[in-house]
Amino acid sequence: MRRLAGATLAMATGLTVACSAFGRATFREPVLTLRDAQLRGVGITGGSIDINVDIYNPNSFRLDGTRLTYSVLIDSVPFGTGALDSRFTVEKGDTTRVTLPLSFTYAGVGAAGRQLLQTGTVNYRVTGDITVATPLGQFTRPYEGRGRLTTSGVINR
């Protein structure tokens, strides 16, 4: 009886590990693309803006987002950070627009403003983690996006 219980436990553990490895292998990272931003408010040390991003789901199943963290850098100067803890859903093969609140510092604005005045463009980088629930389990993955802001809009790379 003990051997049967031990064999059953070993088989269940093996199946769990195999399914987990299979799930991680078939999960494809969502793609985030910056669309635009709107100023929400300013204060003594900085302010806040709403950043609209499109999240594309390349998987064959729905993603239920549970958390999204982000940091924005203008070239190498930190511009601002934020986190979104409200749920969002991206259907399979579809794109969903999400609004991210971002707190910024005047140091970041100054660096962006100087570069924009000198060259007409500003290179940006967004990094963070996205947590999604899927039929294969919950995943937290880092992401990174780069692009260029111009006086006429956003150019994503």
Side-chain angles (χ1 to χ4, degrees), residues 16 19-157:
T16 301
C19 287
S20 176
F22 175 73
R24 291 192 192 333
T26 61
F27 176 76
R28 294 185 8 213
E29 310 293 331
V31 178
L32 279 74
T33 305
L34 176 67
R35 285 292 151 221
D36 58 29
Q38 295 89 31
L39 182 65
R40 280 195 342 198
V42 293
I44 295 173
T45 60
S48 60
I49 57 178
D50 284 336
I51 297 178
N52 293 309
V53 297
D54 287 343
I55 302 175
Y56 171 69
N57 176 9
N59 295 287
S60 60
F61 46 82
R62 183 180 80 198
L63 297 177
D64 293 313
T66 58
R67 182 166 171 77
L68 184 67
T69 64
Y70 40 94
S71 295
V72 178
L73 293 103
I74 302 298
D75 281 329
S76 61
V77 178
F79 182 80
T81 61
L84 179 68
D85 290 317
S86 58
R87 291 187 155 319
F88 58 92
T89 299
V90 188
E91 295 297 330
K92 63 181 180 180
D94 201 4
T95 301
T96 297
R97 182 154 298 166
V98 176
T99 300
L100 308 174
L102 178 80
S103 299
F104 64 86
T105 64
Y106 287 126
V109 172
R114 281 188 300 279
Q115 186 174 351
L116 192 59
L117 287 173
Q118 292 171 355
T119 66
T121 65
V122 175
N123 293 321
Y124 72 87
R125 190 176 89 186
V126 180
T127 62
D129 292 316
I130 185 169
T131 302
V132 293
T134 74
L136 303 171
Q138 185 163 314
F139 297 93
T140 299
R141 293 287 195 269
Y143 68 89
E144 181 175 322
R146 295 174 183 267
R148 181 175 301 196
L149 299 172
T150 68
T151 54
S152 61
V154 176
I155 302 170
N156 292 296
R157 318 184 229 161

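FYI, the numbering just counts along the sequence from 1. The basis for the numbers below is simple: all heavy atoms, side chains too, and nothing from hydrogens, waters or symmetry mates.
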query: Any side-chain heavy atom of Thr33 sitting closer than 4.5 Å to one from Tyr56?
result: no
message: Return the CZ to CD1 distance between Arg35 and Ile51, rounded to the nearest 0.5 Å.
response: 13.5 Å
task: Would you mind reporting whether Arg146 and Asn123 have side-chain heavy atoms less than 4.5 Å apart?
output: no
query: Ignoring hydrogens and geometry, is there a side-chain-to-backbone donor-acceptor pair from Thr96 to Thr89 under 3.5 Å?
result: yes
- line: The single option from Val31, Thr95, Leu32 that satisfies side chain to side chain contact (heavy atoms under 4.5 Å, CB included) with Ile55 is Leu32
Validation row: Val132, Phe27 side chains within 4.5 angstrom (heavy atoms): yes
Pairs where residues 97-123 contributes a residue and the test salt bridge (Lys or Arg N to Asp or Glu O under 4.0 Å) is met, not counting sequence neighbours: Asp54-Arg97
query: What pairs with Arg125 under salt bridge (charged side-chain N to carboxylate O under 4.0 Å, His left out), at least two apart in sequence or on another chain?
result: none
message: Going by ring-ring contact (aromatic ring centres under 6.0 Å, His included), name the pairs with one or both residues in residues 101-121, residues two or more places apart or in two chains.
response: Phe79-Phe104
statement: Rounding to 0.5 Å, atoms CG (Asp50) and CZ (Arg40) come to a distance of 4.5 Å
task: Let me know which of Thr69, Thr99, Leu68 forms a side chain to side chain contact (heavy atoms under 4.5 Å, CB included) with Leu84.
output: Leu68
field: Closest non-hydrogen atom pair between Ser71 and Thr81, with its separation
entry: OG-CG2, 3.5 Å
- prompt: Once you round to the nearest 0.5 Å, how far does CD1 of Ile49 lie from OG of Ser103?
  reply: 9.5 Å
message: With heavy-atom distances below 4.5 Å as the criterion, would you say the side chains of Thr134 and Asn59 are in contact?
response: no
task: Using the test salt bridge (charged side-chain N to carboxylate O under 4.0 Å, His left out), find all partners of Asp129 that sit at least two apart in sequence or belong to another chain.
output: none
message: What I'd like to find out is whether the side chain of Pro30 reaches to under 4.5 Å of the side chain of Ile130, using heavy atoms alone.
response: yes
query: Got a sec, which pairs hit salt bridge (Lys or Arg N to Asp or Glu O under 4.0 Å) with one end in residues 80-96, sequence neighbours left out?
result: Arg67-Asp85
field: Pairing residues for Glu29 by the salt bridge (charged side-chain N to carboxylate O under 4.0 Å, His left out) criterion, not counting sequence neighbours
entry: Arg141
task: Search all heavy atoms of Pro101 against all heavy atoms of Ala83 and return the closest pair with its distance.
output: CG-O, 4.4 Å
- request: Heavy atoms only: give me the nearest Leu102-Gly82 pair and the separation to one decimal.
  value: CD1-N, 4.3 Å
query: Got a second to check how far Phe139's CZ is from Thr131's OG1, nearest 0.5 Å?
result: 11.5 Å
